[in-house]
Amino acid sequence: MAEARTEAEVEFEKEERRGKKKRKANTSSGIDGDDDLGTLFGGATTGKLPRFANRITLKNISPSMKLWGVVIEVNQKDIIVSLPGGMRGFVRTEEVSDIALHGNSKDSEGSVCAEVVHVGQLVPCMVLQVDDDKKEGKAHKRVWLSLRLSRMYKGLSLDAIQDGMVLTAQVKSVEDHGYILYFGVSAFSGFMPKAGKETVKIESGQLIQCVVKGIDKTRSIIHLSSDEDLISKSIIKDLKGLSIDHLIPGMMMSARVHSVLENGVMLSFLTYFTGTADIFNLLSSFPSGNWKDDYSKNKKVNARILFVDPSTRAVGLTLNQHLLRLNVPPINVKVGEIYDKSRVLRVDKKAGLFLEIPSPTPSPGFVSIHDVSDKDVKNVEKKFREGSLTRVRVLGVRHLEGVALGTLKDSAFEGSVFTHADVKPGMVVRAKVVTVEPFGAIVQFSSGVKALCPLPHMSELDNIVKPPKKFKAGAELLFRVLGCKSKRITVTYKKSLVKSKLEVLASYADAKIGLVTHGWITKIEKHGCFVRFYNGVQGFVSRSELGLEPGIEAESVYHVGQVVKCRIVSVVPTSRKLYVSFTMSSNRVIQADTAKVGTIVSGVVERLTPATVVVSVNGFSKGSILNEQLADHHGQAAQLKNLLKPGHEFNQLLVLDTEGQNLVLSAKHSLINTANDIPSEISQMQGGAVVHGYICNIIEAGCFVRFLGHLTGFSPKDKAVDRPIEKLSDVFCVGQSVRSHVLNVNAESARVKLSLQQSMCSSPDCSFIQGYFLLDQKIAALKYSGPSTSHDWVKYFGIGSLVKGEVGAVEEYGVILNFKDHPDVVGLIEHHQLGGSTVKVGSSVKGLVVDLSDGVVNLSLKPELVGSVSKDGKKKKRHRAAVLDLELREEVNAVVEIVKDSYVVLSVPEYNHAIGFAPLMDYNSQLLPQHHYDNGQCITVVVGSIPSSDPSGRLILLPKGSAQDSNISSSKRAKKKSDYKVGSLVEAEIIDIKPLEVILKFGVNLHGRIHITEVLEEDCSEHPFSKLKIGQKVHARIVAQAEHSAKTGRNLKWELSIKPSLLKDLEESTTSEAELNHSINDIIRAYVVKVDTEWVWLTVSRKVMAHLFILDSSVEPSELKEFQQRYSVGQAVKGRIIGVNREKRLLRLKAFDNQCMLENIDDTQKTVSSIAEHTKEGDIIGGRIQRILPGVGGLVIQIGPHLHGRVHYTEIVDSWVPEPLSGIHEGQFVKCKVLAVSRQAEGSVRVDLSLRSRKLDNLTTCAPRFEKINDLCPGTEVKGYVKNVNPKGCFIMLSRMVEARIILSNLSDEYVENPQKDFSVGMLVQGRLDLAIDKCTYN
């Protein structure tokens, strides 16, 4: 496609030249292709200004031009660069680098090119020459470029370099501490230190971008940084003596709008330079008709240089937001694709159309005036209006601008082949002969894609010596594609292959036993011959299958290249072995009788049509399965159809009807399972019966339901649904499986009246959801049946099993997991299933499989679900009932875990959190609004099927409303339940003990729970559940009624309490918990709910939660390091309240230790900020080193979720040591003392900290720090660290509050030649205070 793009540019230039004469009369308006676009303008902003922005084309590009480009191909011998305007340039190997490289890259087979650049990299380059590239008789211009920095930076001196300038450099060598960089000049070199965390590995020879951080003119060394954020924001400043030779493509500068041109804007920058940005390089990638309004005179913008032409002083600029951030604009379209609803943004009657192409992310597009139509369009603005929609086919892309180039020509949409990707083996295409060579003919499709017709395939004849006379340049012939590998396409002109009506065999997977197809002989041997099919598929024909008489040699009957008709007799796709036969008879006995209506048959798929699946029934009859008869579930039918291939076998098919010799079949689970009960004659219909069928037609008055044969019933509109509906087509569809209630049968008129109302036709069993899961398993088996897919993945991801995966991504809808041994399977943990856990990309997690569908495994990290599985992966069976103890029709309580489109995933807490599935729909209600469930909602369900007896191996549960059972009188149960109310004292039996609650049962089928805070009084220190056991009976008081769910109509668990005070005092139990009565500094006890990397979440009461930040849990670094190991679910934690969020009913705690005693709280200290209200001067707190500041900047310490403090360089260690930062690293936990808390002028809070252990212990001995200048007197011995050295003196830090200055003459008794070198920043010095308070003498 890159070649097609170049050719398109050349054709575009030719069309401009052809149309020049036609446009002469209209040069007064529009775009004058030759006059204004063919030359480059580089004048000043005075005098006559140009009408159009500069545009680089093949006409005006010239040597010595400097261009910005993006690498699109890296080959062994050259590099292809996409240039402004969509042009391409080529870089030979010798012009890639100034440094001698050895081609050590393994990925590119020793290519030097791959060591220097990579695909997608933005690079500045220089034009070396533009010459004609003669190819197939046509002359094309080819642009040769150079990436050598010696050409780009020729004449660049150290004086022209400034801080903040972005330069392109080549890595000369990689050293221990950084990189030596080369700029193509000998006057200076560069050094770039290694970053702490390098996102991309930098190797010797690479071209990189870096920003100047400092200039050492003495040693002629530039200090640089590879900080991407800094590089993308650096703007070149105006510098005296800056010439056009110093302007390098890619540089960013501030510019002002000087004037608006017809196709862009003119900008002034760096005082006396001007440049233009054409319409493809403006701020918005989607220019509208009023784009000029966005560019008022003198408007300030940032711009990057696109190209520089030294000869004309023309400068091209770009305002593209992606390029300003040094990112290549994204390409969201595919070349060759057709986009139907592309919106016209702007119409330029001379240039073309600007479009918005509706890809996943809208992409800008442009259609040249020459590609608008196959015919000449005189008034393009009348044919296309802004805002209208049009159909466009993408021709190519401008990689640098991120613009798709398209065509609206009708001829571009006609052919089946537009790009190489459209070519499929076996397709018949018309092509034009381009050239005829001794080895074959080069042919070209209408879209420009070329192919080779080899000499043997140019005729049916044997031993072709030269091409037939039909093959002449320009001749249009009909071909069939033999194969397409990469961009190499081969075709055949053999008539028997081109006109063949047999199925094409293009892969070993498509080779089914009995398939008859055409092939051609490639080799003949004594024991048989080899036959080639399409796309490289090869088979072998043994001698016995050649159809030869005894004594006849194969060479006498067949010849190489001969087209033969073959039948597949054996195939092993995995080993690519195929055995075929030239004899068409398979010696199979044809049965005379055919299947009858209502019988179950098997069938093998022969072929697929858009509406049906054609099958061979029992080996001798033909049958067809309509798409809607593939599945009961409306959505699964389309899924199955997309996966079916010839050769697939249906074990069970129901014969619905016969049409001549063809059988009308159904693969629906509901019809096959009830085949014996489905009537085929009206005499078999009985009033009141409910039978399975399918909708065959829908009219305004009602629905027609078909059974077997031609037996049809009718359901009037008022009997079709329970509620009034405007259109039946909104709730039913043709082919839908339904259960029909027979209302009336009239044998005389042969009319059957039916009802489809869900209230009368709901399923009494689990057949619908069972059929759904069975077919889902079948779809998954077909979808993941490739040779690279493990066959045990379904067993490995069994429902209820624990599996381990690696976090691949965290998206809005959940966490994506990858599985090492099963790469085709994707894991998904929805956010509400994380159970409070915090996961990071790359980390490993172990979760419980709660669902498996379509290659997606749903997992849960909830502690109660994961904890229900033992270490060996088997379900626990403690003192409560296991899944096997469930009985059919038993009523249980379940929790909604995941809501899918067709069903909900549930867990049954009473039965070891068994995973079950409940349908959201039934046969007749597939298109009706479904019942809404919320995640975590508790509902009552009835056991419909247990895994041991269910065909799908799942626990099927039916919502109570749809389950037609209940042997217990609802009135009695309601009467019994009404005896209980808040304050009632009940006797209950403990049936389960969880980390945070106790589950009990009482009364008749009533359940309650005791929260961990409802067991003991607050002043008790023992664990609340330490004296409780499963099976124990206790007296409890109801403190909250079971909440009634309006959605499910069921009650949840009752809230109970066994606190001694509540059992004695009835009034206390009725107090409301609605108010949050906790206050700052209160001491409370809470219990751990979950622990993640930064927070511990705790429960204070049934409705109040708390959280504890890692740095608030202790002041000891060793304990902070073991944060997660120190806490477990259910553990009691005592703490002081330091924050109250009454809206969320959430408290923030600080662990209760010696530093948190109420006696230590000084009420006289005023709160500086709500963020730091619990941090006061003198506090000893825990912290984590967030950042080590450069030089003597000190440390930034995190002391809260959103609070940081600073440690002065003199407050890191007690003693005066040469390197106080030794042993310090980012992320390290430390113990700090708060020295001061203050508010800055801008409103931020400043916290000064100290890490000195003696200051933490309030000791004043050993290495004191002078905090006040009054503490100093003449003659005092002092120590400190050098902060800075400049001509005014050497500045020393004595403490965080006091600094000293030494004039340079007092630095030493001897002359100091280089003070900056001898007294480096951070150096420890010792001295004596002189008589003057601001003078110190240091030795």
For this session: Measure from NZ or CZ of R954 to the centre of the six-membered ring of F917, then state whether that distance is under 6.0 Å and the direction lies within 45° of the axis.
Result: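 Satisfied, under 6.0 Å and within 45°.
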Exercise. In chain order, what residues pass the ring-ring contact (aromatic ring centres under 6.0 Å, His included) check against F707, with sequence neighbours excluded?
Worked result: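 F707: no ring-ring contact (aromatic ring centres under 6.0 Å, His included) contacts found.
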For this session: Can you establish whether the number of heavy atoms outside K717 located under 6.0 Å from its atom NZ is more than 12?
Result: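 Yes, NZ of K717 has more than 12 neighbouring heavy atoms, counting only those of other groups under 6.0 Å.
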Exercise. If you draw a 6.0 Å radius around NZ in K804, do more than 12 non-hydrogen atoms from other residues or ligands fall strictly inside?
Worked result: no
Exercise. Does D992 pair with R1009 as a salt bridge, N-O distance under 4.0 Å?
Worked result: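 Answer for the salt bridge query: no.
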What distance do [X] atom [atom1] and [Y] atom [atom2] have between them, rounded to the nearest 0.5 Å?
X: S759; Y: D722; atom1: OG; atom2: CG; result: 3.5 Å
X: F650; Y: L640; atom1: CZ; atom2: CG; result: 5.5 Å
X: Q736; Y: N924; atom1: CD; atom2: CG; result: 7.0 Å
X: S801; Y: L852; atom1: OG; atom2: CG; result: 9.0 Å

Closer than 3.5 angstrom, by distance alone: can the side chain of [X] be matched with the main-chain N or O of [Y] as a donor-acceptor pair?
X: N642; Y: A638; answer: yes
X: Q833; Y: K862; answer: no
X: Q636; Y: Y772; answer: yes
X: T612; Y: T609; answer: no
X: H1011; Y: T1099; answer: no
X: Q770; Y: D765; answer: no
X: N893; Y: T940; answer: no

Exercise. How about S837 and K1090: do any of their side-chain heavy atoms sit closer than 4.5 Å?
Worked result: no
Seminar exercise, completed: Closest heavy-atom pair, I829 versus V845, reported as atoms and distance to 0.1 Å, is CD1-CG2, 4.3 Å
For this session: Please find out if less than 6.0 Å separates the ring center of F1002 from that of H1007.
Result: no
For this session: Decide whether S868 and N912 meet the rule of one side-chain donor and one side-chain acceptor closer than 3.5 Å.
Result: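 Looking only at side-chain atoms, N912 and S868 do not form any donor-acceptor pair under 3.5 Å.
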Problem set entry | Distance-only side-chain donor-acceptor flag, K900 / N858, under 3.5 Å | yes
For this session: Could you go through the ring pair (Phe, Tyr, Trp, His ring centres under 6.0 Å) check for H692 and Y923 one step at a time?
Result: CA-CA 9 Å; H692 283 271; Y923 295 105; 5.1 Å; yes
